[in-house]
Structure formats: structure tokens, C-alpha cells
Amino acid sequence: MNKTCYICKYTPVELLEAFGADCSNLNEMPVGFELADQVAHPNICGFGKALLESVMSGEVKELVLVNCCDTIKSVYDVLEDMGKLNFLYLIDMLHTGDSCSRERIVYQLKGLARAYGEYSGREFDINAFRDAFQPSEKKSEPYLSVLGARMGEELFRMVEKAMPFSVKNDTCVNNRSAGTIKPPQGVDFDGLMDWYAGELLNQTPCMRMMDNTGRKQLYNDPNLKGIIYHTVKFCDFYSFEYADLKQHAGAPILKIESDYTVQSSGQLLTRFEAFAESIAPSREVKEKKMGKGYFAGIDSGSTSTDVVILNKDKEIVTGIILPTGAGAAMGAERALSEALKSAGLDRGDIDALVTTGYGRTAIQDGDKSITEITCHARGAHYLDPDVRTVVDIGGQDSKVIRIDENGAVVNFVMNDKCAAGTGRFLEMMARTMEMELDDMSRTGLNYNEDITISSMCTVFAESEVVSLIAQNKAADDIVHGLNKAVAVKTAALAKRVGGEEKYMMTGGVSKNQGVVKTLEEKLGTSLVISDKAQLCGALGAALFAVDMVE
């Protein structure tokens, strides 16, 4: 028997099951939208495209939709025109819970009952209807909540795996309560549908409802230890709630956005793990016995692999920076070998090794893996305990981290969706201008014309640079425009994270004098630039390695 798929918590699942339907929440994330892009508008949200992809690939044969938004209405129109489904139905759920809406929903429920009964050839079974209602389980232990717009199953499983507490899915389709209260006895079908309409409308509201104040119960819970707020690209409903939630929620919040494909989930892993590290119960972790008293941290970045070795007094013995090369694991092995050689040590002299950076999970030789967010925070605190905001413009992403007086992460934001504002952006622009990165880092300090690069997209920015070169604009002026573009992007991240004095800049781009100067102008403050700036992540990792040993 085909599964009857649904997408919204206002779907009358129990009514469908009373007709023998096997209902399933359609919430999978596809690899891409190859099929959906052939029939959908390019600006339709990722979830709408995921629905089309599931149907067009033949995975879905029965689908009941609720008109949550214009996207769902558009998807319904496309699917109805395609005629690929055995059963397709759209429920017109109103945005209020008043008596008129309830009367309208009763009419909708009866219409669905007639349509599905005719399609399936089965009659309404009142016993099956009652059996479909199951009591809900209350969380009595510490937990995290995923709030906001729907989150794909694949992404939610990634969250569950990364977090230090159990995770509850409270996104728009999952916090369903309509099926948790048993129907009244001795009531005919019309009476049951009137009662049922009330239960559907009076659930914890989603953001599309006119009165959504009842959503506060989702985050006013003493057992709630953290919130991951998820939005879908091109969906505006939940952005408003997040703005309010930041002011009133008592738990730490991580905001993420996905395009509803499996490919986008990989970009979010570092954010999840860093958030988990910031909210994990504090405890001393001693996993190994003291040996020779040396500890190593490896920061495997997209451009360089950095290694720091500390002694038992947390003094830096050596620091090595080498190009990563083709593979993270090989690059790490080569950099560690060079560091050991520089320090006059053997691998057996290292009591504990912690890895960090984008390639950390590929390094099998480490004792522990920690995100670069947490490691840069720890390393920056070591270099200057007065630092409260860390700016790291890496080769693959940019991040701004706010830390407390102990070097722990308070909040962070990342730009990892494209190369905009990263070291890779500068590298590609240098190539376009036929300059070495070292030369480019000094060019632009003495500019005459204040050029603005209007697009931060690397491809479009490259076209602008080519055009400026054709106009015979001075190299200093063009490079200043590029530096300003990076600084504007980074300063916006700093504002989002609530950056405060002192600021420290870490990573390889901290050596770019033009970017540093322009960013200081945008932030209105000076940046602490340590001579160990590029080793900051590896240094933090090595400090965590020291913590592992008794």
C-alpha cells in the first residue's frame, strides 16, 4: 500500500488513518533539484522544490497538502497540472481559530473524507479514528529544541549526533498536538469533526497563524538548554520570530539557514559542533597519563596546515605553517613531522594530540577533534586574555567569535556559504590582477580613488575587477576596493555577533595590511595582531591537548 504523505502539522492525519491510510511526514532532503528546477520558479523555496523532486522521482503517490504559504499553493498547482499522483488534495486551513474558521475546517474535513473515501474505496472507521490518537511525551530532562521552519530528517539526525543533550524537533511540522487527546464518546461523525477541527486549530501555533503568542511555551521551559533556530532560504515567516527570540529566550541560540538539500547540511556541521562545545556541561576531562610532557595541536585548513607543540607548562616549543596540499591527512602528517623535527622530538614524545580545522575529521592520528571556533577562542585568550572578539578570515570561511574572560565561546557567526569575504576571495582576485598575495597585502594602502566593488560574489567581483583594469584604474585603488568589500562583510558579521573590545584578528589574512587597516576603519577600533596569529587555531588545539592529561 502506498504511504499517504503530508507536510504540515495541521493535516488531519487521524482522519486519514480512519480510512486505512498509512501516513508519513514527507521531510527528506534531496541531493539537488535537477527535476524540480525544470518545472518550478527559481525563487521557490527549497522545501517546495524538495516536494516536487520527491513526486517527480516517483517516491510519492499520495499527498495531502495544507496551504501554509504561496509556495505550497504553487507546488499544488504544478502537481495538479502534472497529474503524476494517484491522490492529491489541498486543505484550505485558515489563519485563525475563531468559530467561523472552525466551521470552515469542518467543511474541509468532510470534503477530504469524501475524496479519500472515494479514492480508497474504504469507509470511515470510528475505532481506527480513536486508536490514531496517542498521548504526547513531556521532556523532563535537559534537552535542546530545534525551532523555526521545518528541518529535513537528514539535517536533524546530524544535529542529534552533534549535541550533548537530547534534541526535540519543534519545527513547524513536528510539534503536533492534535492527535494527543482522545475524542469524546457518544458523538456522531458531524460532532467528531467539529471537535476535531477545534483540536487542529488550537495546537501550538505555527508562524502563519494570526495569533502565534502560544509559541512562547516552546522556549519558556527550565529544561531547555539551547535552541537551534532553523530557517529555509526564501522563507520569511520565521525570520520575524527569531528577531524576537534573541531578546527573550533564556537559552543560547544558534541560527542556521538551509536550502533543503543534503549538500547544504555538510556546511553546517562546524556550526553544530561549535555550538555543542559551547553549551556542553563543563567538566575537567583527563583522558591520558602524563608522559614526556609535550602536547600538539594541528589546524587543518583549506590553504595551510598549522602545528603547535607545547610543553607541560603551556609554553610554545615550536610552530609550523605548511601548505595543506591535496589531502588533509597527508598535509597534517607532513606538518606534524616538520614540527617534531623542529622541536627535536619524536611522535612518541607527544602525550596528546588534538585536531581542528575543516580537515580535522580526516586526521586519524589525533586523540580528539575540536572545532576551529572553540580552538581559535582558546588560542586568542592565551595570546591576550583581554580579547573579547576574535575575527578569523580563513581560506574557506570567515568567522567572528565573541568570548568571555575565560576564553570560552559566548557567541559566533560564520560566513561559509560561498567564498565571499574569505582568503580564497582575495587569492582569486590577486590571480585576476596578476599579483602575488604578499604584494597585494601592501597594495591599496595609499589609494586615491575610493572604488567600491559592488558585488561580493567571487565570480561577479572578478568581472568587475577585469572591467576596472580595462578602464585603467590604478592597482592601489582596485585593491582598496577589494579590501573594503572584505572589511564590510566582516564588520557586518561582527555586528551580528555583538562584537566588543578588544578585537583580535587571527588567521593568514591578518598579515594583509590593507585588509587589517580597512577593517579597523569599519569597526572603529584597532585590531590586536599577534605574531602567532596564523597559529591561533593550532595553539588552541594544543591547549586542549594539555587539558586531556593528568
Side-chain angles (χ1 to χ4, degrees), residues 2-9 11 23-66 68-72 74-76 78-79 82 84-85 144-163 167-176 206-207 227-239 242 254-273 275-276 361 397 414 416-418:
N2 292 323
K3 286 187 177 293
T4 305
C5 295
Y6 68 97
I7 63 164
C8 176
K9 71 178 180 182
T11 307
C23 294
S24 175
N25 178 8
L26 184 57
N27 212 29
E28 286 75 29
M29 301 166 70
V31 174
F33 302 129
E34 180 180 352
L35 300 176
D37 282 338
Q38 299 174 19
V39 295
H41 189 278
N43 284 346
I44 196 172
C45 82
F47 177 67
K49 290 183 180 181
L51 284 178
L52 292 171
E53 198 75 20
S54 294
V55 173
M56 295 177 72
S57 63
E59 297 175 15
V60 178
K61 294 300 182 183
E62 300 177 9
L63 181 61
V64 177
L65 299 174
V66 174
C68 304
C69 59
D70 290 340
T71 286
I72 301 305
S74 299
V75 167
Y76 174 79
V78 172
L79 293 177
M82 290 171 57
K84 282 182 171 290
L85 289 162
L144 273 79
S145 177
V146 179
L147 289 172
R150 67 182 71 248
M151 176 183 280
E153 286 299 320
E154 295 83 355
L155 192 55
F156 183 74
R157 287 194 293 270
M158 184 183 292
V159 172
E160 286 186 304
K161 185 176 180 180
M163 293 303 136
V167 184
K168 183 181 178 185
N169 195 334
D170 282 322
T171 55
C172 57
V173 67
N174 292 87
N175 58 353
R176 193 174 186 278
C206 73
M207 282 300 293
I227 297 169
I228 296 176
Y229 202 90
H230 178 253
T231 59
V232 178
K233 190 175 181 180
F234 297 127
C235 178
D236 295 327
F237 276 113
Y238 287 90
S239 298
Y242 172 71
L254 171 67
K255 183 180 184 294
I256 61 169
E257 179 185 83
S258 73
D259 65 1
Y260 227 81
T261 66
V262 175
Q263 292 166 318
S264 71
S265 61
Q267 296 176 327
L268 300 172
L269 182 58
T270 296
R271 299 192 194 194
F272 292 148
E273 292 180 341
F275 186 64
T361 56
D397 57 44
M414 292 179 67
D416 60 359
K417 294 181 180 177
C418 66

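Below, each value reflects all heavy atoms present in this structure, side chains not excepted, and no hydrogens, waters or symmetry copies. Bear in mind the structure is a predicted one, so any value in this text is a computation, not a measurement.
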Minimum heavy-atom separation for Leu26 and Cys5, please, with both atom names.
CB-CB, 4.0 Å

Any sub-3.5 Å donor-acceptor pair from Glu154's side-chain atoms to Val262's backbone N or O?
no

Would you call Ile72 and Phe47 a side-chain contact if the rule is heavy atoms closer than 4.5 Å?
yes

Do Arg150 side-chain atoms and Ile7 backbone N/O form a donor-acceptor pair below 3.5 Å?
yes

Taking the side chain as everything from C-beta on, heavy atoms only, tell me whether Val159 gets closer than 4.5 Å to Leu268.
no

In sequence, state the C-alpha distance, the side-chain angles, and the governing distance for Met56 and Val39, and then conclude on side chain to side chain contact (heavy atoms under 4.5 Å, CB included).
CA-CA 10 Å; Met56 295 177 72; Val39 295; 3.7 Å; yes

Please report the closest heavy-atom contact between Ser145 and Asp170, naming both atoms and the distance.
OG-OD2, 2.8 Å

Do you know which two heavy atoms are closest between Arg271 and Met414, and how far apart they sit?
NH2-O, 3.1 Å

Do Glu53 side-chain atoms and Leu35 backbone N/O form a donor-acceptor pair below 3.5 Å?
yes

Are the side chains of Val75 and Ile44 in touch, meaning some heavy atoms are under 4.5 Å apart?
yes

Measure the CG-CG distance between Leu51 and Leu79 for me, rounded to the nearest 0.5 Å.
7.5 Å

Which atoms form the tightest heavy-atom contact between Val55 and Val60, and what is the distance?
CG2-CB, 4.1 Å

Return the orientation label for the Tyr242 and Tyr229 ring planes: parallel under 30°, perpendicular over 60°, tilted otherwise.
tilted

Over all atoms of both residues, closest heavy-atom pair of Met151 and Asn169:
O-ND2, 4.4 Å

Any Tyr6 side-chain heavy atom under 4.5 Å of Cys23 side chain:
yes

Answer yes or no: are there more than 12 heavy-atom neighbours, outside Glu34 itself, under 6.0 Å from its atom CD?
no

So which heavy atom on Phe275 is nearest to which on Ile227, and how close?
CZ-O, 3.7 Å

Indicate yes or no for a side-chain donor-acceptor contact from Glu153 to the backbone of Asn27 under 3.5 Å, with no hydrogens or angles considered.
no

Thr171 side, atom OG1; His230 side, atom NE2 - distance, nearest 0.5 Å
8.5 Å

Could you grab the distance from atom CG of Asp259 to atom CZ of Phe33, nearest 0.5 Å is fine?
5.5 Å

Look up atom NZ in Lys9 and atom SG in Cys206, then write down how far apart they are to the nearest 0.5 Å.
6.0 Å

Pairwise distance CG(Leu155) to CE(Met29) - rounded to 0.5 angstrom
5.0 Å

Working to the nearest 0.5 Å, report the span between CD of Glu273 and CE of Met163.
8.5 Å

